[in-house]
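Remarks on the structure that follows.
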Amino acid sequence: MLRLAFLLVFAVASLNAAVSTQAQPSTSPSPERVTITTRTAGLQKHDGFLPYYWDEKKGDILFELSPAALTREFIYFTGMATG
C-alpha cells in the first residue's frame with residue numbers, strides 16, 4: 001500500500017516538475033527523492049472510497065492507492081459533464 005501511494009505521489013510530483021520546467025528552464029541540480037512522509041507532511045488525510053490528501057497551497061490532490069484498490073474496478077472521469 002505504501003509503495004503504491006509513493007508511486008502516485010511521485011507521478012504527481014514528476015508531472016508538476018515537468019510543467020514547471022517547461023515554463024521556466026532551470027539550471028539547478030535535480031531535487032532529492034521525495035518520500036510519502038515528507039510529501040504529505042502537514043496535509044490532512046481524508047478517508048473515503050479513495051483516501052486522499054489535499055494540498056491547499058499548491059492546489060494538489062494526492063490519492064492513496066492500496067493494492068486492493070488497484071485490483072477492483074472503479075469509475076474514472078477525465079473531465080466533468082456540462083450542466
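For the atom pair CG (L62) and CH2 (W54), the distance works out to 10.0 Å, reported to the nearest 0.5 Å.
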Would I61 and F63 count as a side-chain contact (heavy atoms from CB on, under 4.5 Å) if you check the C-alpha gap in whole Å, the side-chain angles of each, and the deciding distance to 0.1 Å?
CA-CA 6 Å; I61 296 177; F63 289 99; 3.6 Å; yes

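With sequence neighbours excluded, the residues that form a ring pair (Phe, Tyr, Trp, His ring centres under 6.0 Å) with Y52 are H46.
Proximity of a side-chain donor or acceptor of T40 to a complementary backbone N or O of L43 within less than 3.5 Å is not detected.
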